Every structure is written in structure tokens, then in C-alpha cells.
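Worksheet: one structure, shown below.
All of these numbers come straight from a predicted model, not from anything done at the bench. Letters A, B, ... mirror the listed sequences (proteins, then strands); counts begin at 1.
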Amino acid sequence: MLTLDTIDYICSKVLKEHELGRLTGSTRFLQDLGFDSMNAVAFVIILERELDVDLSEHTAALTSILTVDGLLAYYAKNCAVVAA
Amino acid sequence: MKIIDAHCHLASTLTTPQEFFEGISENIYAKYVAAGIDAISKQEILATIMRSQNDHNGDQLKTEQREAGIYKCCLLAPDFSFAYEKEPTYKQVNDHHIAVCARHKEHFIFFAGVDPRWGQPAADYFESIVRSGKASGFKLYPPCGFSPSDPICFPFYEICAEYKIPVLLHTGPTSPSLTFRYNNPSLIDPAAQKFGNVNFICAHGAINNWQEHILLAKYRANIFLDVSGFVDSCTGVSWQSHLAMIFKCGINHKLIFGTDWPVFKNKGSFSSLLDEIYGANFGLSASDMDNFMFANFNRLIQSEPR
């Protein structure tokens, strides 16, 4: 299951300057965290590893999600079957 | 408005060997290391890329494009079998593309790819699939190790002339597991001059080495440029600014829309990309926009006069 804490942890792996515990549901990946396409893909790679899932069908959608809440909602709706 | 994506590839391990992606993984890894992303290995990057090459029949590509309003798509089938000395063979690659086009005949056309160093048997095979109407053009990949003006290519250009189909050749950089020696735009000019009755499309030409390509397209009647790869261009400005500049060069009748999917796959959907294109202020007339998105390429594959 994907949680805010997991996202927070992965952000710390793909962004040198990320401080754990500062993430909220409304945090924007692009504007607030400074994500670019490289960070986004690295994020998905580590997400797959952490949750032991194959998200190759969802990569494009996941990398274009704007906020943490948006990611949590997309994952819960579209990736639950993958994760099960 | 009708839209043709004139430059796509099947995302399939059946048509592209792992060696091609190994080189790409090296570059991504170097970028991650420099950015301090040390939690990902080269093997993980390669594995991720290989897993994403799973749209063997083009079903996903067609679905995404149709949802975005893309009317037709040209699949390009580069032949890497001579360069990497391994399968898939050119016959396997092209036969697979023929099967995909038959499966989705309302959506896909394809340009057949053969490394010209395979010689006469390959030329005979190429002619057979062109004659039967299964291929709409010839895809050439010089980074495999030859100049597009090397006489070994001429039998293939003669077939293109006879059947009035275009040649599309890769230009600019590619996987570092191939050579960059033959990516200079001027290498096509001797062939384009000799085969004045064949139309040549320089793939990525409006993006890579664009100044030289624009001069070629402006003054050589049978040279055209596609913009594929524009979302990840190395032009030093945003792709919107770059395209806006290209559109002011007086070659709007030579510019062809293409994405290079699945290369930009991780940067958003076709729908969001098209929204950005139509939302950008390029200052193009409706007629020029139609030429760019549809008519320029459609003329070439319909064998209509230039």
C-alpha cells in the first residue's frame, strides 16, 4: 500500500535536498519539490522496488501527476490490482 | 483537424535488441549519479526500460493515440541486425511490423527498415513488401555504421524511386552503443542530389543539427525534416520556443510532425502533449498548422507532387 510516508522516503532518495517529514498531501512535485522528468522516472523505479510492483503500464500517467494526494488517489484507483 | 504522428516505434523487445537500450541506460545512469541519485543501479534502469518494451502488437500505442485524436501513425522499423550481429533479423522485424499494421490497418502504416549492407537479397525482400503495398516508405539507420550516400544504399533508393515512396533516415545522436560518425546532415546531400525523384525525410532534422538541416530543406527540394524528439531536445531553449523559431524559417511546407514514441513515454500522454502544442503560441496560420500536423507527410506517402 502506498502511503505519504513511503512517498516521503522515496523523495529523499531522488532529491538530494529533500527533508523527511515536510511532505503533505498538497505538496506539488514540480513546483514545490523541483521534480523534472529524470526525478520522476527515478521515483517510479524506486516506488516499484519498495512496493514490489510492476508499474510499466502506468509510468506515463504517474510521471504526469501533479500532487502527492493526486499520486495517492491514482495509485489507489489504478494500481491496486497490480499490487495485489 | 487530422493528425498523423509520422515518427513512432513499436515499444517491443521483439523488434529492438537489448544492446540498443544498454547504451541508453549508461547515459541515464551517468545523469543520476551526477544528480546524487545513487539508489538506482544501471541494471535497474535497463530492466525498467526493457519491461516498458511490452506493447508488442501496438495495442497500447493505438489506444493512446486514438484517445488523443491522432488519426494515423507511421511506425518505423530500424534494422539493427547487421550492427549488433544478432536477432531479430530484418525479416523478423519487418514481418512483425506488417502483422501489426494488418491488426490495426485503420491506424498504422510503416516504413520498412533494412541495413543496406545485407545486399541484394535484402533489396529483393524490401521490393517484395513495397510491391505488395505493405510498406509506405524506407527507414534507414546510418548510425548502424554507413553513410546514407554510400552506393550500397542506391539499390534501395532506386526501389523507392520506382514505387514513389519516401526515405526516412535517422539523423543526430542515438544509443551510444552505435556510432555517431554518420549523423552529420550533409551526408545525405549527395544521395538527395543524385536521386532527385526520391523524397528524403531527415528524422529529428528540425531538432538535431537543425541549422544545417534547415538550409538543406530550404534549398534541396526533396529534403524534408521531422520534429520528432522535440520534447527532449538539446536546443538550449524550451521545445515551444525552438519550434516557434523553426516555424519562422520559411520551410513550413517541409516540416513534419512526429513524436518518436515511446522515447517520450515517461513525460506524459499524447493528449497532454497535443494540448501543449495547440496551446503554444506558434503564430501559425490554420493552413500551416494543418500542413505540419498532417498534410506535409500525407503528401509524401500519397506520392503526390511536391
Please look at [X] and chain A and tell me whether the side chain, the backbone, both or neither of the residue comes under 4.5 angstrom of a heavy atom of that chain.
{"X": "B:Asn54", "answer": "side chain"}
{"X": "B:Ala47", "answer": "neither"}
{"X": "B:Gln60", "answer": "side chain"}

Inset, instruction - Mind running side chain to side chain contact (heavy atoms under 4.5 Å, CB included) on A:Thr59 and B:Ser52 for me, showing each step along the way? - result: CA-CA 9 Å; A:Thr59 307; B:Ser52 72; 5.9 Å; no
Inset, instruction - Examine distances only and state if a side-chain atom of B:Tyr32 and a backbone atom of A:Asn39 form a donor-acceptor pair shorter than 3.5 Å. - result: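 Such a contact is absent between B:Tyr32 side chain and A:Asn39 backbone.
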With rounding to the nearest 0.5 angstrom, report the [atom1] to [atom2] distance, [X] to [Y].
{"X": "A:Ser56", "Y": "B:Met50", "atom1": "OG", "atom2": "CE", "value": "12.0 Å"}
{"X": "A:Lys16", "Y": "B:Asp38", "atom1": "NZ", "atom2": "CG", "value": "9.0 Å"}
{"X": "B:Ile45", "Y": "A:Ile45", "atom1": "CD1", "atom2": "CD1", "value": "5.5 Å"}

Inset, instruction - With side chain to side chain contact (heavy atoms under 4.5 Å, CB included) as the test, would you mind laying out the steps for B:Ile37 and A:Lys13 before giving the verdict? - result: CA-CA 6 Å; B:Ile37 303 174; A:Lys13 292 289 175 188; over 6 Å; no
Inset, instruction - Please flag which part of A:Ala42 lies under 4.5 Å from any non-hydrogen atom of chain B: side chain, backbone, both or neither. - result: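 Contact with chain B involves both backbone and side-chain atoms of A:Ala42.
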Inset, instruction - List the steps and the verdict of side chain to side chain contact (heavy atoms under 4.5 Å, CB included) for A:Glu48 and B:Glu44. - result: CA-CA 11 Å; A:Glu48 287 183 312; B:Glu44 270 182 305; over 6 Å; no
Legend entry - Atom of B:Arg51, atom of A:Asp54 and distance for their closest heavy-atom approach: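 Closest approach of B:Arg51 to A:Asp54: NH1-OD1, 2.7 Å.
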Legend entry - side chain to side chain contact (heavy atoms under 4.5 Å, CB included) evaluation trace for B:Ile28 with A:Met38: CA-CA 8 Å; B:Ile28 297 173; A:Met38 182 181 69; 5.7 Å; no
